[in-house]
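Report on one structure; see the data block that follows.
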Amino acid sequence: MEWALLVQLLVNGLIVGALYGVVAMSFVLIYKASQVVNFAQGEFLLVGAWACWWLITSQQLPFWLAFPVCLAFMTVFGIVLQVVVLRPLIGEPVISVIMATVGLSIFFQALMKWMFGVFAQPFPAIFGADRIELLGLEVKSVYLLSLGLSAVIMLGFWWFFTFSKHGLAMRATAFDQQVAQSLGVSVPRVFAMSWAISAVVSAVAGVVVGVVSGVSSGLSFYGIKVFPAVILGGLDSIVGAMLGGIIVGVLENLAQYVDSQWLNWGNMINIAPFYALILILLIKPYGLFGTKNIERV
Amino acid sequence: MAEPESGTPILAAEHVSLRFGGVRALTDVSFDIRKGEVFSIIGPNGAGKTSMVNCISGRYRPTEGRILFEGQDITRMPPNRRAALGLGRTFQNLALFGHMSVLDNIMVGRHHLLKSGFLRGMAYWLGGAQREELEHRREVEEIIDFLEIQHVRKAQAGTLPYGLRKRVELARAVALRPKLILLDEPMAGMNLEEKEDMARYILDLNREWGMTVLMIEHDMGVVMDISDRVMVLDFGKRIAHGGPAEVLADPHVRRAYLGEEDELVREDAAA
């Protein structure tokens, strides 16, 4: 047993898992508010990361300026996407809406490759110190940033849904649109807001991953990783998504450890979460925290 | 009874018709509600009572006709804007947000009154957000006291017994501070004691809080006791209209409720 490697992988899992959790939360946000399964969630990361990269490298903006400008752009991006593509699809069959988001995913993949090329591009160094010592472990400072940002976003979500007027309106809309409207909540505005928040939060995750390992189309893979996370946590639970993300992150790193030590099958890091996904669907089809649809007659 | 200020209708429906394909839910219904009165719509099952309320609250759009609220044409206005104008409603089948606390349910009703958005909320201590929050809490507490639901304010709405849920739903509609409140069968499924309580709440809302009430109700005793005026619908048509005693004496109403065929309805079937 290599304890150092195990600890290292677990810490990795926690950090990456927190990012999965953040992306999963923004996925669930859209699903809860507007009942759309968004297959283009990964492309939100991609678009956000490329936008930030472009602002820094070709517009020569400093990071502290480029980052908020990028987030402002993503707000508009999310709203435009909802208004132009998804609003006309309200009331259409679920499968049509899903196909539209799959289409969006392919479109943005291709668009980003066309605009920025197919090769991974590194972010310019943002922090003076690349690594810092923490509790005897040497940690990359971007990892600390990533964990910190994830925690801030999670707290932000909690605050938003518990205390803010719009969070309350969003919960009400998720429960019953007709009733929410009768109480003065504008449902179209709630939909647009959920897409905007989701795009912004995903872009933050995208930039963090970009800073750690460069910007490339591989970022959109996070959109796929989100599925085991949200199925694990329950499709309509924000807390579940967060925990699901962390569990998936830790799980894939554990699988990596087991694989590298004993099994030597290779590639367990990518496959293990989906084995877990199948198992969970067999045992708890609504996920750990999801709501069962109980039909009372 | 509260003295209705005659001559100032708070709501006017003008020749409202509603069709779903070949089904006529409402045919040429006109009426007005005066400021300060309790106005009831009664009628047998399927008469179009809830359809009428849905046209007023904006869930349905009338196929023909207009609806005026305080003189303003609201026929094509989305439901949330109507709520902001001062139209509140409850639903026939309970529609509480089951997973939220009673307090949160009521706070959603304050949505259009809460001005502080995201940023001012963040600057909680600097901006007026704190003062605003205190103000809202005071009003919400007043409503909670009035409807006697203090003991369940933190409970999850979905776990409450039926009668209490009806009361919480009323509280949520009242939290909007509507000028006109639409109550769709507020007493359905209640026992006698609960009905008496609810009747008292409705009268207090009307007299002390100054809300005009539009109510759909099946319990004739309650309707006749607390209504200033009553409209009777049958097969989507207005067959009678007036004070409770007047309506009870109307031969069309007797026929509708006793199941006899009425010439007003038959003429429609022949057409």
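With chain A as the partner, the residue from B:Ala173, B:Gly98, B:Gly109, B:Ala84 showing the most heavy-atom pairs under 4.5 Å is B:Gly98.
For the pair B:Val108/A:Arg171, no side-chain contact is recorded, criterion being any heavy-atom separation below 4.5 Å from C-beta on. Between A:Leu183 and B:Leu176, the closest side-chain pair of non-hydrogen atoms falls below 4.5 Å.
Contact between B:His99 and A:Phe175 at its shortest, heavy atoms only, is CD2-CE1, 3.3 Å. Nearest heavy-atom pair across B:Ala83 and A:Ser182 is CB-O, 3.5 Å. Between A:Gly184 and B:His111, the shortest heavy-atom contact is O-CD2, 3.5 Å.
Around atom CZ of A:Arg189, no more than 12 heavy atoms belonging to other residues, nucleotides or ligands sit under 6.0 Å away. For CZ of B:Arg177, the number of neighbouring non-hydrogen atoms (other residues, nucleotides, ligands) closer than 6.0 Å is greater than 12. Other residues, nucleotides and ligands contribute only 12 or fewer heavy atoms inside 6.0 Å of the OH atom of A:Tyr31. The environment of B:Arg137 atom CZ is sparse: at most 12 non-hydrogen atoms of other residues, nucleotides or ligands sit within 6.0 angstrom.
Heavy-atom distances place no part of B:Leu182 under 4.5 Å from chain A, backbone and side chain included. Interface remark: B:Phe97 contributes backbone and side-chain atoms alike to the contact with chain A (heavy atom separation under 4.5 Å). Contacts between B:Leu96 and chain A at a heavy-atom distance below 4.5 Å involve the backbone alone (N, CA, C, O). Residue contact with chain A, scored on non-hydrogen atoms closer than 4.5 Å, involves the backbone and the side chain of B:Arg172 alike.
The distance from atom CG of B:Asp104 to atom CZ of A:Phe161, rounded to the nearest 0.5 Å, is 12.5 Å.
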- From CA spacing to verdict: side chain to side chain contact (heavy atoms under 4.5 Å, CB included), B:Asn80, A:Val187: CA-CA 8 Å; B:Asn80 54 299; A:Val187 170; over 6 Å; no

